[in-house]
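This one's a predicted model, so the numbers in the text were calculated from it and none came from an experiment.
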Amino acid sequence: MFTVATVLIVPVYNPLPGWEKLLHQRYTELADALSQPLQLCIVNDGSTNGNFEPAANWLQQQLPAVIIESYTGNKGKGAALRTGVKLVEAAHYVFTDVDFPYTTASAVAIIKLMQSGNADLVIGNRNNQYYRQINSFRAGLSKLVRFFIRVLMRMPFDDTQCGLKSFNQKGKTIFLNTRIPTYLFDMEFVLQAVRSKAVVQTVAVELRKDVHLSRMPLKVLLRELKNFIGLLFS
């Protein structure tokens with residue numbers, strides 16, 4: 001168990017070659033912008049393409065304090081993040097994807113709001129700029145999910161799926177009570193936070209100009225539809 005003020009948890013699964021250089025650059029930019037210690041925790045979600053171990057060794061040399069956790073078998077992003085949260089005892093937690101798709105300024109704004117003590121959970125809110133930068137299928141899917149959240153779940157926050165969030169110890173307790181291991185763990189987390197009367201705040205975030213998000217396979221969509229129905233009637 002590690003004890004720190006703020007920890008950044010990054011799940012990794014079958015990353016592209018060179019991922020470690022990009023992560024090192026983005027993490028350093030964020031730590032410098034915050035001007036304060038930022039613990040980095042990487043969770044290897046059962047990668048099998050051979051791109052993780054050598055890169056992780058390089059990162060350990062560049063960042064001796066980095067925490068790296070690995071296990072066999074791909075369990076999903078939600079499961080990987082819960083592993084990281086259990087591993088590190090921190091006042092504040094923040095997570096994002098391995099390619100750091102959102103700008104450094106977006107991450108700083110979310111972390112600073114969390115550190116202000118005015119929220120238990122801070123979630124990124126994607127605007128029209130985000131949707132102009134991604135493919136039409138993914139944009140349509142995201143907007144459809146947001147519509148269903150507003151209409152069917154009647155939550156005050158419709159953008160549950162932004163991959164940049166931060167939470168405190170109260171948020172940690174809620175997060176570790178989630179069960180969905182894959183894509184919709186975000187929605188489950190925000191839904192439980194709202195039901196628990198946690199203080200949830202949003203921050204407008206911007207996607208980096210050079211980020212390209214891939215299509216979501218049909219089998220993933222079908223699996224998450226089942227998870228969505230489960231949340232709808234939970």
Indicate yes or no for a side-chain donor-acceptor contact from [X] to the backbone of [Y] under 3.5 Å, with no hydrogens or angles considered.
X	Y	value
E188	I180	yes
N14	T48	yes
R179	N177	yes
N74	G46	no
T182	G76	no
Q62	K21	no
Y183	N227	no

Of V203, T202, I123, T96, which meets side chain to side chain contact (heavy atoms under 4.5 Å, CB included) against I110? V203
For T103 and V108, run side-chain contact (heavy atoms from CB on, under 4.5 Å): C-alpha distance rounded to whole Å, both residues' side-chain angles, the deciding distance at 0.1 Å, then the answer. CA-CA 9 Å; T103 63; V108 168; over 6 Å; no
Closest heavy-atom contact between [X] and [Y]?
X	Y	result
C41	V88	SG-CG2, 4.2 Å
W19	A55	NE1-CB, 3.3 Å
V205	G124	CG1-CA, 3.7 Å
A119	N168	O-ND2, 3.4 Å
L81	P11	CD2-CD, 3.8 Å
R126	S142	NH2-OG, 3.4 Å

F189/F167 aromatic ring centres below 6.0 Å: yes
Determine whether [X] and [Y] fall in the same hydrophobic cluster, where Ile, Leu, Val, Met, Phe, Trp and Tyr are linked whenever their side-chain heavy atoms lie under 4.5 Å apart.
X	Y	value
V151	M153	yes
V194	V199	no
Y13	L184	no
L207	L22	no
V10	L16	no

Between [X] and [Y], is any pair of side-chain heavy atoms under 4.5 Å apart?
X	Y	value
L8	F100	yes
E53	S47	no
R26	T104	no
C162	Y130	no
F95	V85	no
L40	L23	yes

To the nearest 0.5 Å, tell me how far [X] [atom1] sits from [Y] [atom2].
X	Y	atom1	atom2	result
I68	N57	CD1	CG	7.5 Å
L59	I42	CG	CD1	5.0 Å
L231	K226	CG	NZ	12.5 Å
T160	I149	OG1	CD1	3.5 Å
S116	I111	OG	CD1	12.5 Å
T178	M187	OG1	CE	13.5 Å

Does R208 pair with D99 as a salt bridge, N-O distance under 4.0 Å? no
Charged N to carboxylate O under 4.0 angstrom, D159 versus R146? yes
For the residue pair [Y] / [X], report whether a side-chain donor-acceptor contact shorter than 3.5 Å exists.
X	Y	answer
Q36	Q115	yes
Q169	E89	yes
D45	Y71	yes
E69	T83	no

Parallel, tilted or perpendicular, as decided by the 30° and 60° cut-offs, for the rings of F175 and F185: perpendicular
